[in-house]
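Computed from heavy atoms alone, side chains included, the values below leave out hydrogens, waters and symmetry copies.
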Amino acid sequence: MTDCIFCAIVAGQSPASVVLDEPDVLAFMDIRPFTPGHLLVIPKRHASGLAQLDPEDGAKVFAAGQRIATAMRASELPIEGVNMFLADGVAAGQEVFHVHLHLVPRTAGDGFGIRAHWQTPNRTVLDGTAATIRTAVESHRS
(Lines give C-alpha, C1' and ligand atoms only; values in the text may rest on other atoms or scores of the structure.)
Protein backbone atom coordinates (compact mmCIF):
# COMPACT_ATOMS: atom_id res chain seq x y z
CA MET A 1 0.00 0.00 0.00
CA THR A 2 1.84 3.08 -1.27
CA ASP A 3 0.18 5.73 0.93
CA CYS A 4 0.81 3.84 4.19
CA ILE A 5 3.89 4.99 6.10
CA PHE A 6 4.29 1.57 7.75
CA CYS A 7 4.16 -0.18 4.36
CA ALA A 8 6.82 2.28 3.17
CA ILE A 9 8.97 1.31 6.16
CA VAL A 10 8.47 -2.39 5.37
CA ALA A 11 9.47 -1.71 1.75
CA GLY A 12 12.61 0.16 2.84
CA GLN A 13 11.31 3.43 1.37
CA SER A 14 11.11 5.25 4.73
CA PRO A 15 13.61 5.11 7.57
CA ALA A 16 13.02 3.27 10.83
CA SER A 17 15.08 2.25 13.83
CA VAL A 18 14.47 -1.47 13.56
CA VAL A 19 14.42 -3.72 16.61
CA LEU A 20 13.20 -6.95 14.97
CA ASP A 21 12.85 -7.94 11.33
CA GLU A 22 11.22 -11.30 10.67
CA PRO A 23 9.54 -12.63 7.52
CA ASP A 24 6.03 -11.54 8.58
CA VAL A 25 6.65 -9.01 11.37
CA LEU A 26 8.65 -5.82 11.84
CA ALA A 27 9.32 -3.96 15.11
CA PHE A 28 10.75 -0.47 15.22
CA MET A 29 11.02 2.52 17.53
CA ASP A 30 8.04 4.88 17.71
CA ILE A 31 9.03 8.35 16.47
CA ARG A 32 6.73 9.93 19.10
CA PRO A 33 7.45 7.75 22.15
CA PHE A 34 5.32 7.88 25.28
CA THR A 35 8.31 6.67 27.30
CA PRO A 36 11.95 5.77 26.44
CA GLY A 37 11.98 2.48 24.55
CA HIS A 38 8.41 2.77 23.22
CA LEU A 39 8.23 0.75 20.01
CA LEU A 40 5.75 -0.65 17.51
CA VAL A 41 5.27 -4.19 16.25
CA ILE A 42 3.50 -4.51 12.90
CA PRO A 43 2.52 -7.23 10.46
CA LYS A 44 4.42 -6.74 7.21
CA ARG A 45 1.25 -7.47 5.27
CA HIS A 46 -1.02 -4.40 5.33
CA ALA A 47 -4.17 -4.54 7.43
CA SER A 48 -5.82 -1.21 8.22
CA GLY A 49 -7.61 -2.56 11.30
CA LEU A 50 -8.28 -5.70 13.28
CA ALA A 51 -11.15 -6.73 10.98
CA GLN A 52 -8.70 -6.90 8.06
CA LEU A 53 -5.88 -8.58 10.01
CA ASP A 54 -5.18 -12.21 9.16
CA PRO A 55 -5.39 -14.12 12.48
CA GLU A 56 -2.02 -15.79 11.82
CA ASP A 57 -0.40 -12.39 11.31
CA GLY A 58 -2.03 -11.19 14.52
CA ALA A 59 -0.63 -14.17 16.42
CA LYS A 60 2.84 -13.44 15.04
CA VAL A 61 2.59 -9.77 16.02
CA PHE A 62 1.57 -10.64 19.57
CA ALA A 63 4.24 -13.37 19.88
CA ALA A 64 6.91 -10.94 18.71
CA GLY A 65 5.60 -8.34 21.16
CA GLN A 66 5.80 -10.83 23.99
CA ARG A 67 9.40 -11.76 23.11
CA ILE A 68 10.42 -8.12 22.80
CA ALA A 69 8.75 -7.17 26.10
CA THR A 70 10.64 -9.97 27.83
CA ALA A 71 13.89 -8.80 26.24
CA MET A 72 13.18 -5.18 27.22
CA ARG A 73 12.99 -6.21 30.86
CA ALA A 74 16.44 -7.83 30.52
CA SER A 75 17.91 -4.79 28.74
CA GLU A 76 19.68 -1.82 30.26
CA LEU A 77 16.59 0.37 29.89
CA PRO A 78 14.94 1.38 33.17
CA ILE A 79 11.81 -0.79 33.04
CA GLU A 80 9.51 -1.85 35.84
CA GLY A 81 6.66 -2.98 33.58
CA VAL A 82 5.44 -2.99 29.98
CA ASN A 83 2.08 -2.00 28.52
CA MET A 84 0.92 -3.51 25.25
CA PHE A 85 -1.59 -1.29 23.51
CA LEU A 86 -3.40 -1.58 20.19
CA ALA A 87 -5.82 1.08 18.97
CA ASP A 88 -8.40 -0.07 16.40
CA GLY A 89 -10.27 2.83 14.83
CA VAL A 90 -10.36 6.59 15.18
CA ALA A 91 -12.43 6.53 18.39
CA ALA A 92 -9.81 4.24 19.94
CA GLY A 93 -7.02 6.66 19.06
CA GLN A 94 -5.65 4.95 15.95
CA GLU A 95 -3.71 7.47 13.86
CA VAL A 96 -1.84 5.23 11.40
CA PHE A 97 -4.19 2.84 9.67
CA HIS A 98 -1.91 -0.19 9.56
CA VAL A 99 -2.38 -2.48 12.56
CA HIS A 100 0.35 -1.88 15.13
CA LEU A 101 0.98 -3.04 18.65
CA HIS A 102 2.58 -0.48 20.97
CA LEU A 103 5.06 -1.76 23.54
CA VAL A 104 5.47 0.92 26.18
CA PRO A 105 8.16 0.41 28.84
CA ARG A 106 6.94 1.67 32.21
CA THR A 107 8.48 3.01 35.37
CA ALA A 108 6.70 4.34 38.44
CA GLY A 109 5.65 7.95 37.92
CA ASP A 110 6.47 8.05 34.18
CA GLY A 111 3.23 9.94 33.45
CA PHE A 112 1.82 7.44 30.97
CA GLY A 113 -1.52 5.86 31.76
CA ILE A 114 -5.06 5.23 30.73
CA ARG A 115 -7.38 7.78 32.15
CA ALA A 116 -11.02 6.84 32.22
CA HIS A 117 -14.25 7.40 34.04
CA TRP A 118 -14.62 3.87 35.39
CA GLN A 119 -18.16 2.56 35.34
CA THR A 120 -19.83 0.30 37.87
CA PRO A 121 -22.58 -1.56 36.00
CA ASN A 122 -24.66 -4.16 37.80
CA ARG A 123 -24.64 -7.86 36.84
CA THR A 124 -27.81 -7.52 34.73
CA VAL A 125 -26.16 -4.87 32.57
CA LEU A 126 -22.95 -6.92 32.31
CA ASP A 127 -24.91 -10.06 31.36
CA GLY A 128 -26.88 -8.14 28.71
CA THR A 129 -23.71 -6.68 27.20
CA ALA A 130 -22.05 -10.10 27.25
CA ALA A 131 -25.05 -11.60 25.41
CA THR A 132 -24.89 -8.89 22.73
CA ILE A 133 -21.17 -9.46 22.13
CA ARG A 134 -21.53 -13.26 22.31
CA THR A 135 -24.22 -13.16 19.59
CA ALA A 136 -21.92 -11.07 17.37
CA VAL A 137 -18.97 -13.43 18.00
CA GLU A 138 -21.07 -16.46 17.11
CA SER A 139 -22.31 -14.85 13.89
CA HIS A 140 -18.74 -13.97 12.79
CA ARG A 141 -17.16 -17.41 13.20
CA SER A 142 -15.14 -18.47 10.19
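Under the ring pair (Phe, Tyr, Trp, His ring centres under 6.0 Å) criterion, Phe28 pairs with Phe6, sequence neighbours left out. The side-chain contact (heavy atoms from CB on, under 4.5 Å) test applied to Thr107 returns Pro78, Glu80, Asp110, not counting sequence neighbours. Partners of Glu56 under the side-chain contact (heavy atoms from CB on, under 4.5 Å) rule, at least two apart in sequence or in another chain, are Asp54. With sequence neighbours excluded, the residues satisfying side-chain contact (heavy atoms from CB on, under 4.5 Å) with Arg73 are Ile79, Val82. Applying the salt bridge (Lys or Arg N to Asp or Glu O under 4.0 Å) rule to Asp57 yields the partners Arg45; only residues at least two apart in sequence or on another chain are considered. Residues satisfying the ring pair (Phe, Tyr, Trp, His ring centres under 6.0 Å) test with Phe85, not counting sequence neighbours, are His102.
Taken together through direct or relayed side-chain contacts under 4.5 Å among Ile, Leu, Val, Met, Phe, Trp and Tyr, Leu39 and Ile31 form parts of separate hydrophobic clusters. In the hydrophobic clustering of ILVMFWY residues, with side-chain heavy atoms under 4.5 Å counting as a link, Leu86 and Ile68 come out together. Side-chain heavy atoms closer than 4.5 Å link hydrophobic residues (I, L, V, M, F, W, Y) into clusters, and following such links, even through other members, never connects Val104 to Leu77. Note: the hydrophobic cluster containing Leu50 does not contain Phe97 (ILVMFWY, side chain heavy atoms under 4.5 Å, direct or indirect links). Placement of Val25 and Val18 in two distinct hydrophobic clusters is found when ILVMFWY residues are connected by side-chain heavy-atom separations under 4.5 Å, directly or transitively.
A distance of 11.0 Å separates OG of Ser17 from CG of Asp30, quoted to the nearest 0.5 Å. To the nearest 0.5 Å, atoms NE2 (His38) and CZ (Arg32) are separated by 9.5 Å. A distance of 5.0 Å separates SG of Cys4 from NE2 of His46, quoted to the nearest 0.5 Å.
A pairwise comparison of heavy atoms in Gly58 and Leu53 identifies CA-CD2, 3.6 Å as the closest pair. Val61 and Pro43 make their closest contact through CG2-N, 3.5 Å (heavy atoms, listed as atom of the first residue, atom of the second, distance). The two residues Ser75 and Met72 come nearest to each other via the heavy atoms OG-O, 2.7 Å. Closest non-hydrogen pair, Val41 versus Gly65, comes out as CG2-CA, 4.2 Å. When every heavy atom of Gly93 is checked against every heavy atom of Ala87, the shortest pair comes out as C-CB, 3.8 Å.
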Next item on the list: Using the side-chain contact (heavy atoms from CB on, under 4.5 Å) rule, take Asp21 and Lys44 through it: C-alpha gap first, then chi angles, then the decisive distance, then the call.
Entry: CA-CA 9 Å; Asp21 188 351; Lys44 286 187 174 178; 2.5 Å; yes

Next item on the list: Let me see the working for Thr129 and Ile133 under side-chain contact (heavy atoms from CB on, under 4.5 Å), right down to the final yes or no.
Entry: CA-CA 6 Å; Thr129 303; Ile133 296 170; 4.0 Å; yes

Next item on the list: Give the C-alpha distance, both sets of side-chain angles, the deciding distance and a yes or no for side-chain contact (heavy atoms from CB on, under 4.5 Å) between Val99 and Ser48.
Entry: CA-CA 6 Å; Val99 169; Ser48 58; over 6 Å; no

Next item on the list: Report the C-alpha distance between Arg134 and Val137 in whole Å, list the side-chain angles of each, state the deciding distance to 0.1 Å, and finish with yes or no for side-chain contact (heavy atoms from CB on, under 4.5 Å).
Entry: CA-CA 5 Å; Arg134 187 172 50 251; Val137 168; 5.6 Å; no

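Counting only heavy atoms from C-beta outward, the side chains of Leu26 and Leu40 never approach each other to under 4.5 Å. Taking the side chain as every heavy atom from C-beta outward, Leu101 and Leu103 approach each other to under 4.5 Å.
Here the side chain of Gln94 pairs a donor or acceptor atom with the backbone of Val96 at under 3.5 angstrom. Remark: side-chain polar atoms of Gln52 are paired, donor with acceptor, to backbone N or O of Gly49 under 3.5 angstrom. Of the possible donor and acceptor atoms, one in the side chain of His100 sits under 3.5 Å from a partner among the backbone N and O of His98. A donor-acceptor pair is defined here as one N or O able to donate and one able to accept, closer than 3.5 Å; no such pair exists between the side chain of Thr35 and the backbone of Arg106.
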